[in-house]
Structures are given as C-alpha cells and as structure tokens.
2 protein chains.
Amino acid sequence: MSTDLLNQLFAINELMRRDMARAFAGTPLTESRVAVLWTLRMSGASTQRDIAAALDVSGKNVSLLIDALENGGYVRRTAHPTDRRAVLVELTDSAEEFMTTMQREHGELAATLVSEIPADERATVERGIATITAKLQQLVDDAANTEDPKP
Amino acid sequence: MSTDLLNQLFAINELMRRDMARAFAGTPLTESRVAVLWTLRMSGASTQRDIAAALDVSGKNVSLLIDALENGGYVRRTAHPTDRRAVLVELTDSAEEFMTTMQREHGELAATLVSEIPADERATVERGIATITAKLQQLVDDAANTEDPKP
DNA sequence: TATTGTTATACTCTATAACTATA
DNA sequence: TATAGTTATAGAGTATAACAATA
C-alpha cells in the first residue's frame with residue numbers, strides 16, 4: 001500500500017494546482033504571482049531581495065513578477081526609508097481584500113476535506129501528514145547541505 | 001488545527017518538487033518532460049493526442065516536449081499502425097531504465113516517510129490521505145463540470 | 001466534416017551576466 | 001568592495017489560431 005503514497009501526494013499536488021487556478025481565473029494572476037502575494041501577506045512590506053529569498057528565485061524574476069503585479073494594481077513600490085537602493089513592495093487595499101478571500105476559501109477547503117475523515121481519526125491523520133512533511137523537509141535539507149557544503 | 005492542513009499540503013508539494021528536481025539534475029530533463037515519461041511508463045506507447053489529454057496541455061506543447069525528449073534520446077516517434085495522421089511515442093530502452101530507477105527511488109522515499117509514522121497509525125493515515133485525495137478530485141471534477149457543462 | 005500534428009505567434013517563468021546607483 | 005534592482009539575453013512551458021494530411 002505504501003507505494004501508493006507518493007502517487008496520492010502527486011495527485012493532491014495536481015488537484016490543488018487546478019483548484020487554485022480556478023480561484024483566480026479571470027484575473028491577470030498566475031501561480032507565481034499569487035505566490036508573491038502570499039509572501040507579502042505573511043511578511044508585510046518587503047524588499048524585492050527578501051521576496052526573491054523567500055521564493056528561492058532570481059532577482060530578475062522578482063522584478064518581472066512585481067512589474068506585472070504593479071501593473072495589475074495588486075502591489076505598489078515605495079521608497080525604502082533608510083536604503084535608497086532598495087524599494088519596499090506592499091499589497092494594495094484591493095489585494096489585501098483578495099488575499100483575505102483566498103485565505104477564507106483555503107480554510108473552507110481544508111474544513112471540507114477534513115470533514116470527510118471520521119472524527120475519531122482526524123487527529124491521527126493530521127499528525128501523520130505533519131510527520132511526513134517534517135521528514136520530507138529534513139531529507140531535502142540534508143540533500144541540499146550535502147551538495148552545497150557550508151560556505 | 002485543520003486550517004494548517006493546506007499549508008502542510010502546499011509544503012509537501014514544494015518539497016517533492018525540489019526532491020524530484022534533484023533526481024534528474026545533470027540530465028536535460030525538466031519536470032514537464034518527466035511528466036511525459038511517467039505517462040508513457042504507465043500507459044505504454046501513446047499518440048501525442050493521448051499524452052496531451054493525460055497531461056491536460058495543448059497539442060503544441062506536447063509537440064515541443066516530445067521534440068526535446070526525442071532529441072535527448074528518451075523517446076522515439078514511430079508510425080501509427082492504422083492511423084496515418086498519428087504517431088506513436090514510446091520510451092527508448094535507456095528511458096525505461098531511467099524510469100525503473102525513478103520508480104524504485106519513489107518507493108524507497110514512500111517507505112522512508114511512512115516509517116516515521118507509528119506502526120499502529122499507518123493504516124489510518126494512509127486511508128485519510130486517500131480520502132482527502134478522493135474528495136479533492138471530486139471537488140475539482142464538479143467545478144469543471146459546472147463551468148463546462150456536458151457538451 | 002472532424003481529427004492529428006505542425007507552423008506561427010505570443011506571454012510567462014526562470015536563469016546568468018553586466019550595469020547603475022547606492023551602501 | 002558589496003548589495004539592490006534593472007537591462008540584456010536566452011531557454012523552457014504554456015496557449016490560441018491557422019494549416020496540411022488523413023479519417
């Protein structure tokens with residue numbers, strides 16, 4: 001049975017991607033752009049360098065994503081108060097509203113999924129998923145450290 | 001707690017992507033190309049149209065992916081026995097070997113992850129994940145049918 | 001007429017390298 | 001000298017539309 005686990009996880013990946021895509025169909029948003037919005041929602045106003053680090057992508061890439069988001073009215077670039085090289089990127093009011101809606105929908109989706117599991121098994125399943133996530137994180141970190149030894 | 005569920009699932013997504021990327025670093029393969037190889041591994045020789053349907057991407061996209069894979073020696077285009085418009089795409093011997101290795105590694109990873117869960121909870125957790133996958137699948141299907149009513 | 005795959009065109013995501021303005 | 005962001009260039013994934021060959 002456990003050989004099926006990765007297939008299940010891959011299926012969940014794919015399904016969540018499709019579900020997300022539906023959530024912002026009709027907007028000029030893409031998955032990557034929404035990832036930027038999530039970062040800003042969680043961390044507040046950030047420099048492009050911070051966003052690049054959080055998303056593990058190049059600075060150039062962030063420039064393009066912010067260009068598109070700024071153009072669509074989702075974020076605004078403002079002067080950094082102390083570092084004149086840097087800009088601060090922040091969500092506009094309408095983007096904050098948009099993220100509030102997405103967050104609510106995520107919560108509803110999670111509740112719907114969990115409600116399918118028998119009540120007395122929910123805690124075990126949630127703990128199991130957390131365990132899997134933690135182990136996977138550890139494996140990926142270890143692999144990264146092996147390839148890229150302490151600088 | 002259940003509000004964290006989606007975050008866990010998103011984290012698993014991201015981690016599996018990174019782990020996969022490591023698995024074929026150094027090859028000319030990308031995530032999308034490997035997705036094609038998986039499809040061929042599971043379904044055997046397929047037309048490009050079948051691959052496009054399985055991956056839910058455009059025919060043009062499949063053309064490009066197959067071009068790249070053919071160029072790298074992973075797949076081969078052969079004539080369709082009965083339909084002269086179509087081509088059959090199939091894995092080369094070396095690609096079959098490559099996929100065998102990937103499949104074995106997937107199995108090992110799944111076993112490692114599952115072994116972190118207390119033995120007496122494994123069945124419950126695996127069943128819970130399967131339940132979540134099924135429900136998610138159903139929600140996505142329903143949404144697709146609502147937008148795109150039976151033609 | 002409908003379908004398979006390709007050509008043509010375009011947008012997005014991604015990266016590296018060089019450059020400008022600032023620290 | 002080092003860092004933040006942009007310009008320049010390039011590869012990859014994705015889509016739609018038009019077209020050729022074949023069903």
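Each chain gets a letter, A, B and so on, in the order its sequence line appears, and its residues count up from 1. All values derive from a computational prediction rather than experimental measurement.
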Which is more 5' along DNA chain D, the nucleotide nearest A/D67 or the one nearest A/R17? Just name the residue. A/D67
Does anything in residues 73-82 of chain B reach DNA chain C, meaning a heavy atom under 4.0 Å, and if so which residues? B/R77
Could you check A/L29 against A/G59 and say which one's nearest nucleotide on DNA chain C is further toward the 5' end? A/L29
Please state how far atom CD in B/E31 lies from atom P in C/dC13, giving the value in whole angstrom units. 15 Å
For A/T47, which residues count as a side-chain hydrogen bond (donor to acceptor under 3.5 Å, both in side chains) partner, sequence neighbours excluded? A/D50
Report the distance from atom CZ of B/R127 to atom OG1 of A/T124, rounding to the nearest 0.5 Å. 10.0 Å
Measure from CZ on B/R85 to P on C/dT4 and round the result to the nearest Å. 5 Å
For nucleotides 8-12 of chain C, print each protein N/O atom paired with a nucleotide N/O atom at under 3.5 Å, atom names and distance only.
unit_1, atom_1, unit_2, atom_2, d
C/dT12, O5', A/R33, NH2, 3.4

Under 4.0 angstrom, heavy atoms only, what part of the nucleic acid is B/V62 near: base, sugar-phosphate, or nothing? nothing
Counting just side-chain N and O atoms, does A/N61 come under 4.0 Å of either OP1 or OP2 of C/dC13? no
Going by the rule salt bridge (charged side-chain N to carboxylate O under 4.0 Å, His left out), which residues pair with A/R76 if we only count those two or more places apart in sequence or in a different chain? A/E90
Heavy atoms within less than 4.0 Å of DNA chain C: which residues of residues 36-57 of chain B have one? Give them sorted by number. B/T47, B/Q48, B/R49
Tell me, please, which residues at least two apart from B/T133 pass side chain to side chain contact (heavy atoms under 4.5 Å, CB included). A/Q8, A/A11, A/I12, A/L15, B/I129
Which residues pass the salt bridge (charged side-chain N to carboxylate O under 4.0 Å, His left out) test with A/D141, sequence neighbours left out? none
side-chain N/O B/R84 vs D/dA23 OP1/OP2, d < 4.0 Å: yes
Show me the pairs that pass side-chain hydrogen bond (donor to acceptor under 3.5 Å, both in side chains) and involve residues 51-63 of chain A, at least two apart or across chains. A/Q48-A/S63
Whole Å only: how far is the CD1 atom of B/I66 from the P atom of D/dA12? 15 Å
Can you run down the side-chain hydrogen bond (donor to acceptor under 3.5 Å, both in side chains) pairs that involve residues 25-39 of chain B, sequence neighbours left out, and say none if there aren't any? B/R17-B/E31
With B/R41, which residues qualify under salt bridge (charged side-chain N to carboxylate O under 4.0 Å, His left out), at least two apart? B/E96
Run the ring-ring contact (aromatic ring centres under 6.0 Å, His included) test against B/F98 and tell me which residues pass, sequence neighbours left out. none
Under a 4.0 Å threshold between the charged nitrogen and the carboxylate oxygen, would B/E126 count as salt-bridged to B/R122? no
By salt bridge (charged side-chain N to carboxylate O under 4.0 Å, His left out) - contacts of B/E97 (at least two apart): none
